Student: 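Just dropping this structure here.
Keep in mind the model is a prediction, meaning the values are calculated, not measured.
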Amino acid sequence: MADGRSQGITEDQRHAAQLIWDYHQMRHEPRPCDAAIALGCNDLGVSTYAAHLYETGLFPTLVFTGGNSAATIGVFPRGEAVHFQEHALALGVPAHAMLLEPKATNTGQNVSYAREVLTAAGVRPSSVLLITMPYMERRAFATCRAQWPEVEVVCSSAPLSLDDYLKGMGDGESVISMMVGDLQRVIEYPRQGFAIAQNVPDDVCAAYESLVREGFTSHLIQTEQPQPDAGR
């Protein structure tokens, strides 16, 4: 098991992960928007869910954004957005409804580059639906609000439980490490101007600190300031 942890996830670790999982989700009700942006990642389920939402008629234009990262290049060698778009096409989303942004390597670029692609296509939305992994909703929301403050932001992800998501992804320890890393970014990135600040409840901070102590650290970024009370 990575990071020197013993095989399996303990009940205490799972409880801490559940707190973080719940916090990451914005619980917005999906509603009609001028455009949707599906953020690339290592989870093809984002594309599947985006195709489902398109079929419901919530938006006329769908942008797939994402190049590659260390976590995805082995899974999607031609780029996240390319594979996501092809998958959505196979699921019945018409080519004319999709736009491709194949260069973004982080969430900020996902937003800014997707905005450029929409503008180039003559689409200037007043509302956007961000479609992400379940544990990436809050960071995507905070990033978009900082970079595109004039647009209304709605977040959505496939309605899965933590246990079902861990089973589906097949590597629970890695997923939890990524959830911890996303929470760190929610806390740290507002200081750098990358995102708006979000309140982080005490129990979520405690869950974060517990999982970091227990070695779920493979997706943390280096910071100059200590984590405790960073987002309180």
Student: Does either side chain, that of Y49 or that of S156, offer a donor lying less than 3.5 Å from an acceptor on the other one?
Tutor: yes
Student: For R27, is there an ion pair with D22 - N to carboxylate O distance below 4.0 angstrom?
Tutor: yes
Student: When you look at Y54 and L91, which way does the side-chain contact (heavy atoms from CB on, under 4.5 Å) test go after all the steps?
Tutor: CA-CA 11 Å; Y54 176 82; L91 292 175; over 6 Å; no
Student: Run the side-chain hydrogen bond (donor to acceptor under 3.5 Å, both in side chains) check on T132 and E137 step by step: do they pass?
Tutor: CA-CA 6 Å; T132 71; E137 283 190 28; 5.2 Å; no
Student: Please list every donor-acceptor pair under 3.5 Å in which a side-chain atom of residues 122-131 meets a protein atom from a residue at least two apart or in another chain.
Tutor:
from: S126; atom 1: OG; to: D34; atom 2: OD2; distance (Å): 2.8
from: S127; atom 1: OG; to: D34; atom 2: N; distance (Å): 3.1

Student: Say you draw a straight line from CG of L211 to CE of M179; how long is it, rounded to the nearest 0.5 Å?
Tutor: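 That separation rounds to 8.0 Å.
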Student: If you compare all heavy atoms of P60 against all heavy atoms of C33, which two are closest, and at what distance to 0.1 Å?
Tutor: CD-O, 3.7 Å
Student: Flag the pair T143 / R139 as yes when at least one side-chain heavy-atom distance between them is below 4.5 Å, and no otherwise.
Tutor: yes
Student: Report yes if the side chains of T107 and M136 come closer than 4.5 Å at any heavy-atom pair, otherwise no.
Tutor: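 Touching, per the 4.5 Å side-chain cut-off.
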Student: With a 4.5 Å limit on heavy-atom distance, are the side chains of Q184 and I187 in contact?
Tutor: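 Result no, sub-4.5 Å side-chain heavy-atom pair not found.
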Student: Looking only at heavy atoms, what is the nearest atom pair of A207 and A16, with distance?
Tutor: CB-O, 3.6 Å
Student: Work out which heavy atom in P102 is nearest to a heavy atom in A81; give both atom names and the distance.
Tutor: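 Heavy atoms of P102 and A81 come nearest at CA-CB, 4.3 Å.
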Student: Applying the 4.5 Å side-chain criterion to the ILVMFWY set and letting contacts propagate, would V82 and L44 be lumped into a single cluster?
Tutor: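 No, separate clusters.
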Student: Go through it in stages, so that I can follow the logic: the residues are I176 and Q13, the test is side-chain contact (heavy atoms from CB on, under 4.5 Å), and I'd like the CA-CA distance, side-chain angles, deciding distance and then a yes or no.
Tutor: CA-CA 9 Å; I176 292 176; Q13 290 167 350; 5.6 Å; no
Student: Say you draw a straight line from CG of N110 to CG of L39; how long is it, rounded to the nearest 0.5 Å?
Tutor: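 Answer for the CG-CG pair, N110 versus L39, is 4.0 Å.
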Student: If Ile, Leu, Val, Met, Phe, Trp and Tyr residues are connected whenever their side-chain heavy atoms lie under 4.5 Å apart, and connections chain through other members, are V212 and I9 in the same group?
Tutor: yes
Student: Listed by chain and number, what are the salt bridge (charged side-chain N to carboxylate O under 4.0 Å, His left out) partners of R145, not counting sequence neighbours?
Tutor: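 By the salt bridge (charged side-chain N to carboxylate O under 4.0 Å, His left out) rule, R145 matches no residue at all.
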Student: What about V175 and V75, same hydrophobic cluster or not, with Ile/Leu/Val/Met/Phe/Trp/Tyr joined at side-chain heavy-atom distances under 4.5 Å?
Tutor: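 In one cluster with V175: V75, yes.
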Student: Return the OG to CG distance between S161 and L166, rounded to the nearest 0.5 Å.
Tutor: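 Here the rounded value is 8.0 Å.
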Student: Hydrophobic clusters here meaning ILVMFWY residues chained together by side-chain heavy-atom distances under 4.5 Å, can you tell me if L162 and L19 are in one?
Tutor: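 L162 does not cluster with L19.
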Student: Using the ring pair (Phe, Tyr, Trp, His ring centres under 6.0 Å) rule, collect all pairs that involve residues 83-117, keeping only residues at least two apart or in two chains.
Tutor: F76-H83, F76-F84
Student: May I have the step-by-step check of side-chain contact (heavy atoms from CB on, under 4.5 Å) for D171 and E173, ending in yes or no?
Tutor: CA-CA 6 Å; D171 186 348; E173 292 81 9; 3.4 Å; yes
Student: So, taking the atom named CD in E209 and the one named CD in E214, what distance separates them when rounded to the nearest 0.5 Å?
Tutor: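 E209 CD to E214 CD: 12.5 Å, rounded to 0.5 Å.
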Student: Side-chain donor-acceptor pair under 3.5 Å between Q25 and R138, yes or no?
Tutor: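 Q25 vs R138: no donor-acceptor pair found between side chains.
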Student: Taking all atoms of both residues into account, what is the closest heavy-atom pair of V93 and L89, and its distance?
Tutor: O-CD1, 3.3 Å
Student: For residues 72-100, which residue pairs qualify under salt bridge (Lys or Arg N to Asp or Glu O under 4.0 Å), counting only residues two or more places apart or in two chains?
Tutor: R78-E86
Student: Search all heavy atoms of H24 against all heavy atoms of Y135 and return the closest pair with its distance.
Tutor: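 Shortest heavy-atom contact: CG-O, 3.1 Å.
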Student: To the nearest 0.5 Å, how far apart are NE2 in H219 and CZ in R185?
Tutor: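 CZ of R185 is found 8.5 Å from NE2 of H219.
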Student: Among residues two or more places apart or on two chains, list those pairs meeting salt bridge (Lys or Arg N to Asp or Glu O under 4.0 Å) that have a residue in residues 97-123.
Tutor: R115-E150
Student: Considering only residues two or more places apart or on different chains, which pairs with a residue in residues 140-198 satisfy ring pair (Phe, Tyr, Trp, His ring centres under 6.0 Å)?
Tutor: W21-Y165, H28-F141, Y189-F194
Student: For G181 and L220, which heavy atoms make the closest approach, and how far apart are they?
Tutor: CA-CD2, 4.1 Å
Student: Applying side-chain contact (heavy atoms from CB on, under 4.5 Å) to L118 and L99, what does each step give before you reach the verdict?
Tutor: CA-CA 8 Å; L118 285 165; L99 298 172; 3.8 Å; yes
Student: When rounded to the nearest 0.5 angstrom, what is the spacing between CE in M178 and OG in S218?
Tutor: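 If I round to the nearest 0.5 Å, the distance is 8.5 Å.
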